[in-house]
Number of protein chains: 2
Amino acid sequence: MFSKSCEYAIKAVIHLCIETKDGSRLSIAEIAEAIDSPEPFTAKILQTLVRHDIISSAKGPGGGFYIDHHSKPVFVIEIIDVIDGKHAFERCGLGLKECNEKRPCPIHNEFASYSRKLKRLLETKTIQDLAKGIISGKAFLSNT
Amino acid sequence: MFSKSCEYAIKAVIHLCIETKDGSRLSIAEIAEAIDSPEPFTAKILQTLVRHDIISSAKGPGGGFYIDHHSKPVFVIEIIDVIDGKHAFERCGLGLKECNEKRPCPIHNEFASYSRKLKRLLETKTIQDLAKGIISGKAFLSNT
DNA sequence: AGAATAAAGGATGCAATTATCCTTTTTTAA
DNA sequence: TTAAAAAAGGATAATTGCATCCTTTATTCT
C-alpha cells in the first residue's frame with residue numbers, strides 16, 4: 001500500500017504529536033527507537049518532512065524534532081503526498097496508463113470506489129485524530 | 001497495491017480467457033505482446049500459474065497456454081494469492097507485525113473496513129466476469 | 001527416429017527502494 | 001570563543017523486485 005518510508009513517516013509524526021505536546025523536542029535516536037526504524041534512514045525522512053513544513057526541527061543542544069501545536073493540524077494525506085508522491089492513489093489496479101472513467105480497465109470500477117473512499121478518509125483524518133486513539137504511543141507504534 | 005507480477009498475471013489470465021474460448025492456445029510471445037509485458041518475465045509468471053493449476057499449458061508444436069473452460073472459473077483472489085501471497089490483504093497500513101483487531105494500530109480501523117470489502121469483492125469476482133466486460137481484449141489490456 | 005516447436009527451469013543482470021556512513025552546519029552553553 | 005550537541009546533507013552500500021538469458025525437457029509432425 002505505502003512505501004516503508006511513508007509508514008515510518010506516519011508513525012514518526014504520530015509519535016511526535018503525542019510526545020511534544022508540552023513543547024519538548026525529540027532527537028532522531030529517540031524517534032527511531034520509539035517507532036522501531038533504522039536511525040539514519042529515519043533521519044532522511046524527518047528532513048523531508050521538515051522541508052515540507054509538516055514537522056519542525058531545531059539544531060544544537062536541546063534541539064530535536066517537534067510539531068508546532070499552534071499551527072494547523074496535519075492531514076494524513078499530506079504525509080503520503082510528500083513521501084510517496086501525489087499520485088499514490090490514482091494508480092489503476094492493473095497498472096494501465098490509459099485507464100480512466102471513459103475507458104476503464106477490467107477492474108477499474110471495482111477499485112475506483114474503494115480507493116476513492118480511502119483517499120477521502122485520509123484527506124479528512126489528521127494525525128491529531130489518530131493520536132487521540134492511542135493510549136501508549138510506544139506500545140502501538142513499535143513492532144515488538 | 002499489487003506487484004507488477006500480479007498485474008501481469010491478472011491481465012494474462014483475462015486475455016487467455018477471452019482468446020482461448022475456442023480451445024486454441026497462445027504462446028508466451030502472443031500473450032506478452034497482447035498485455036504489453038516483458039516476454040521472459042511473463043514466462044515465469046505463466047509457469048507459476050500453471051504450477052498452481054490456474055491456467056493450463058501444452059509443450060511442443062501447436063502448444064501454448066490456455067484455460068480449460070470446462071473446469072471451474074478462476075476467482076481473481078486466487079491469482080493474487082498465488083503471485084503476491086495469501087497475506088497481501090492482511091497487511092497493516094503501517095506495516096506493524098502486531099496489528100490486529102484486539103491491538104489495532106492507529107489507522108487499523110480506518111483501513112480494515114475498506115480492505116475487507118475489496119477482498120470480498122475479489123473473492124467473488126471471477127476472471128470470466130471481468131472478461132465479459134471487455135469488448136476488445138487487446139485494446140484494454142495493453143498500455144498503448 | 002529426427003527435426004522443429006514450445007514451455008520449464010536455473011542462473012544471472014539491473015534498477016529502485018531501503019539503509020548506512022561520514023562530513024558540514026547551526027546552535028547552545030560553559 | 002571554544003566544545004559539545006544535534007540536525008542537514010552528500011556519498012555510498014545492501015536488498016529486493018523486476019527483467020533477461022540460456023539450457024533442458026516434452027511434444028508434435030514428417
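Below, all heavy atoms of this structure are taken into account, side chains as well, without hydrogens, waters or symmetry copies. Throughout, protein chains are lettered first and strands after them, A, B, ... in sequence-line order, and every chain is numbered starting at 1.
Rounded to whole Å, the distance from OH on B:Y66 to P on C:dA7 is 12 Å. The distance between atom CZ of B:R25 and atom P of D:dA26, rounded to the nearest whole Å, is 17 Å. Here D:dC22 presents its P atom at 14 Å from CD of B:E39, a figure rounded to the nearest Å. Protein atom CG of A:L46 is 14 Å distant from nucleotide atom C1' of C:dA19, rounded to whole Å. Residue A:F65 contributes atom CZ, which lies 13 Å from atom C1' of C:dT26 at whole-angstrom precision. Rounded to an integer number of Å, the gap from A:Q47 CD to D:dA6 C1' is 12 Å. Computed from coordinates, the A:I31 CD1 to D:dA8 P distance equals 10 Å when rounded to whole Å. For the pair A:D36 CG and C:dA19 C1', the interatomic distance rounds to 15 Å; values are reported in whole Å.
Of the candidates D:dA7, C:dT20, C:dA4, the closest approach to any side-chain atom of B:P61 belongs to C:dA4. With D:dA8, D:dA19, C:dA8 as the candidates, the nucleotide lying closest to the side chain of B:Y8 is D:dA19. Here the nucleotide nearest the side chain of A:S5, chosen from C:dT18, D:dA8, D:dA19, is C:dT18.
Checked against A:P73 for a side chain to side chain contact (heavy atoms under 4.5 Å, CB included), the options A:I127, A:T126, A:I67 give a single hit: A:T126.
Under the 4.5 Å side-chain heavy-atom criterion for grouping Ile, Leu, Val, Met, Phe, Trp and Tyr, A:I77 is connected to A:L118 within one hydrophobic cluster.
By the side-chain contact (heavy atoms from CB on, under 4.5 Å) test, B:S24 is found to be paired with B:T20, B:D22, residues two or more places apart in sequence or in another chain being considered.
The residue B:A43 sits apart from the nucleic acid: no heavy atom pair falls under 4.0 Å. Using a 4.0 Å heavy-atom cutoff across all strands shown, A:P38 reaches sugar-phosphate atoms only and no base atom. No engagement by B:I45 is indicated, since no non-hydrogen atom pair under 4.0 Å with the nucleic acid exists. Backbone-only contact: B:L26 has heavy atoms under 4.0 Å from sugar-phosphate atoms and none from a base. Across all strands shown, A:I28 has heavy atoms under 4.0 Å from sugar-phosphate atoms exclusively, and none from any base.
Checked by atom type, the side-chain pair B:D84/B:S3 shows a donor-acceptor distance below 3.5 Å.
A distance of 13.0 Å separates CZ of A:F75 from CD1 of A:I80, quoted to the nearest 0.5 Å. Expressed to the nearest 0.5 Å, how far CD1 of A:I79 lies from NE2 of A:H52 amounts to 12.5 Å.
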Check: protein-nucleotides 10-17 of chain D nitrogen or oxygen pairs below 3.5 Å:
from	atom 1	to	atom 2	distance (Å)
D:dG10	N7	A:K44	NZ	3.2
D:dG10	O6	A:K44	NZ	2.4

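Contact check, B:S57 against C:dA8: a side-chain N or O comes under 4.0 Å of OP1 or OP2.
For A:G60 and A:R51, each mapped to the nucleotide of DNA chain D holding its nearest heavy atom, the one lying further toward the 5' end belongs to A:G60. Toward the 5' end of DNA chain C, the nearer of the two residues A:K59 and A:T42, judged by each one's closest nucleotide, is A:T42.
For the pair B:I35 and B:Y8, the tightest heavy-atom approach, listed with the atom from each and the gap, is CD1-O, 3.6 Å. A pairwise comparison of heavy atoms in A:E30 and A:H15 identifies O-NE2, 4.5 Å as the closest pair.
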